[in-house]
**Student:** 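After the structure tokens below, expect a handful of questions from me.
Only this structure's heavy atoms are used, side chains among them; waters, hydrogens and symmetry mates stay out. Just so you know, residue 1 is the first one in the sequence shown, and it goes up from there. Since this is a predicted model, take the numbers as computed values, not measurements.
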Amino acid sequence: MLTGISLAGILALLVTGSYVCINKKNKEITCKETIVAYIAYMLLLFLFMAYTGILQSGYHFVDDHEMYTFSRDFVPYGYWGTMLRRMQIDLHSRFRFTYYLVRITECYFFQDNYLAWHIFQTIVAGTSLWLCYIFARLRRCPVWLSFGFSIAVFIGGGQSAVLWRLGPQECLGTLILMVTLLLLLKYVQTSSKVILATSIISTILLGGIKEAFLLMLPAFPVLLAYWRLEKDGTEITIRNLIRSLRNAAVYTMVTYAVFIIDLLIIVLYVGTNKYGYAGIDQTYGILDYLKGFYHITTGRFGLYLQWSLYGSVFLILPMWIGEYRRTGRILSFWRQIWLPVMLLTYLMAAQYVLHAKSTMYERYLLPSTCIISAFWLIFVFHICKETKWQPAYHMFAALMVIALIHGVDDEDRGRQYAEDGQNTTAMIEFVGTTLGGNPKVIVDIDYEMDVSASVILQDKYQLPSVYNINYNGAVQEGYAGDCYIADEEEEDKIPITAAEIYMGYPDKLENLMAECDMDISEYDKRVFGDYVVLIRR
């Protein structure tokens, strides 16, 4: 069944669509329409966040600890010193200068005001959805299809978590991506040097948000050249494309220079295999990559590929056959679609290789969902427009969007996220303030969540003795290590049996105590949703 965001999205579509139809401005976007659409998306997101409790959900273990680790540096290093320091540290594992520029600025203003963080994230999410809509409208798509495009980008495969989670960069990345594309569309129309300079800045920032977006950069000059040929009514041939690229030489050279420089920094300095969930692993063979490609294809992203197959069989192939019968030339139809198909092939191949190690799920589905959705809901719309295939296309596009959002559990996932944050916040506050003193605490939750608990307890509640079980091999011969040491003079490990407080998942704590011959009945227990706190009597 349709839930949460999906139902609200359909309501927003109907409201804005009715407005546009009444005003008879469905073909060309107007200032009033952009305002109404922005209000509709903001209402959609804020109502969803308030309804599910996300706005008031507090602290979450995954990613939210950065608001403390970054803010802690402001005192000794200041704002710009913190920025440079974190970018230098990041170069040992990633290359995300735009992410740190935004993230550290957020930390500087919001600090640990969780409500402000979630309000700002909701504004970013709503703006991203709105920009997707504006892009589709400026590509002369009707209102309903433009809404469908924005929904397909963000909600179809379970990637809607990027709309409310504070850590992932995909929502901000999509915002910058759409800004870049809109600037290029504007540059096609005006040839303004100011727009050119702004689009170059936006392209550079996009390359620094995340590797998945960096790999999209080579397509932008080609898109610019394609849109210019389309505007002039010129046939899309390799010769004309090269000529159009030369006419946009400044943007083309800068974009490819940025892409090459960023790629060289990653390959030669940072490394391509620092994280398990993405990158190029030199130990991977062809068979390993084929397995990864298979898992991507059959995973969450499979629904997008399934509808791509339907579109190819029931739209593209019949149109190709019909064009062949009409002209007697097998390549006549191919001349209309070869460039977008080549761009689609490159962009999807790059995403497949990048994510072959871990497959694509949740936030990693972006920007792949944006690529596929743009092809089928914007480009294919134009080749079917004003042809006998237009009714069939409208049916296909409507069914595709409905199929993508049908059964997506965004409402349940949003509630679970909010409930988890509320339980996390309550547990941390209980351990940090209610118990008093300076107890030794051992955390046994899961990898990053362990260090996240250490960060907030040490930085916010000034508990120096917090140790971890699951982070970076923290357990050694019966000792738990401190993976986030607030004071270098503090002891960096203790025997697992020496703590006064244990916090984490119940089953993990039970197993831990059983392995260490500890009697769990000697501890008082407090339950916080899926978590438990054990206190030595």
Side-chain angles (χ1 to χ4, degrees), residues 38 41-42 45-46 49 54-55 57-131 161-180 182-183 197-214 217 258 262 265 270 363 366-367 421 448 451-452 455-456 459-460 484:
Y38 191 73
Y41 278 116
M42 285 300 169
L45 265 295
F46 272 102
M49 302 302 176
I54 289 171
L55 288 178
S57 61
Y59 182 83
H60 297 80
F61 279 140
V62 178
D63 294 322
D64 288 9
H65 59 279
E66 288 183 342
M67 66 181 66
Y68 292 101
T69 57
F70 294 167
S71 298
R72 188 171 181 245
D73 288 347
F74 290 143
V75 175
Y77 304 108
Y79 172 76
W80 288 110
T82 300
M83 187 82 69
L84 293 174
R85 180 173 184 268
R86 288 294 168 177
M87 287 183 181
Q88 290 172 352
I89 292 173
D90 188 54
L91 281 174
H92 295 291
S93 57
R94 304 285 292 276
F95 184 59
R96 301 173 297 170
F97 57 88
T98 305
Y99 167 71
Y100 281 95
L101 180 65
V102 175
R103 190 69 166 173
I104 290 172
T105 301
E106 291 174 328
C107 290
Y108 185 79
F109 287 104
F110 302 148
Q111 298 182 21
D112 64 349
N113 187 332
Y114 310 127
L115 177 60
W117 277 93
H118 283 290
I119 289 175
F120 182 75
Q121 174 61 22
T122 303
I123 293 173
V124 171
T127 304
S128 299
L129 281 159
W130 174 71
L131 287 173
V162 303
L163 298 175
W164 59 75
R165 282 185 55 185
L166 301 179
Q169 304 110 69
E170 280 77 7
C171 201
L172 177 62
T174 304
L175 187 152
I176 300 175
L177 169 64
M178 288 301 149
V179 167
T180 305
L182 290 171
L183 286 169
T198 310
S199 63
I200 288 173
I201 293 172
S202 179
T203 302
I204 293 171
L205 291 175
L206 183 65
I209 193 70
K210 197 171 186 179
E211 298 85 352
F213 290 97
L214 171 63
L217 263 58
V258 169
D262 288 359
I265 291 173
V270 178
R363 63 190 184 277
L366 283 159
E448 182 181 343
V451 71
S452 184
V455 167
I456 189 171
D459 276 2
K460 182 173 183 177
Y484 182 75

**Student:** Please answer whether the main-chain N or O of S199 pairs with a side-chain N or O of S202 as donor and acceptor at a distance below 3.5 Å.
**Tutor:** no
**Student:** With a 3.5 Å distance limit and no angle check, can you tell me whether S71 reaches the backbone of M67 through a side-chain donor-acceptor pair?
**Tutor:** yes
**Student:** Side-chain contact, heavy-atom cut-off 4.5 Å: R94 with K210?
**Tutor:** yes
**Student:** Please round to the nearest 0.5 Å and tell me the distance separating atom CG of L45 and atom CG of L129.
**Tutor:** 5.5 Å
**Student:** Relative to each other, are the rings of H60 and H118 parallel, tilted or perpendicular (30° and 60° limits)?
**Tutor:** perpendicular
**Student:** Can you tell me how far CD1 of I209 sits from CG of L205, rounded to the nearest 0.5 angstrom?
**Tutor:**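 Answer rounded to 0.5 Å: 8.5 Å.
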**Student:** Look only at the side chain of S128 and the backbone of C171, and say whether a donor-acceptor pair between them is shorter than 3.5 Å.
**Tutor:**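 At least one qualifying donor-acceptor pair exists.
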**Student:** Quick one: do D63 and E448 satisfy side-chain contact (heavy atoms from CB on, under 4.5 Å)? Show the steps, please.
**Tutor:** CA-CA 8 Å; D63 294 322; E448 182 181 343; 3.4 Å; yes
**Student:** Does the side chain of R86 come within less than 4.5 Å of I89's, by heavy atoms?
**Tutor:**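 I89 vs R86: side chains touch.
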**Student:** On a heavy-atom basis, which atom in Y99 and which in G167 lie closest, and how many Å separate them?
**Tutor:** CE1-O, 4.1 Å
**Student:** Working to the nearest 0.5 angstrom, can you tell me the gap between E106 CD and R103 CZ?
**Tutor:**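 Rounded to the nearest 0.5 Å, the CD-CZ separation comes out at 6.0 Å.
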**Student:** So, do L91 and I265 sit near enough that their side-chain heavy atoms are less than 4.5 Å apart?
**Tutor:** yes
**Student:** If you take all heavy atoms of E170 and R363, which pair is closest and at what distance?
**Tutor:**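 Residues E170 and R363, closest heavy atoms: CG-O, 3.2 Å.
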**Student:** Please confirm whether the backbone N or O of L55 pairs with a side-chain atom of W164, one donor and one acceptor, at under 3.5 Å?
**Tutor:** no
**Student:** Any donor-acceptor pair under 3.5 Å linking the side chain of D90 with the backbone of R96?
**Tutor:** yes
**Student:** With heavy-atom distances below 4.5 Å as the criterion, would you say the side chains of Y38 and T127 are in contact?
**Tutor:**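 Yes; the side chains approach each other to less than 4.5 Å.
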**Student:** Check whether more than 12 heavy atoms from other residues, nucleotides or ligands sit under 6.0 Å from atom OH of Y108, and answer yes or no.
**Tutor:**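 Counting neighbours around OH of Y108, 12 or fewer heavy atoms of other residues, nucleotides or ligands fall under 6.0 Å, so no.
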**Student:** Taking all non-hydrogen atoms of both residues into account, name the closest pair between E211 and F95 and its distance.
**Tutor:** OE2-N, 4.3 Å
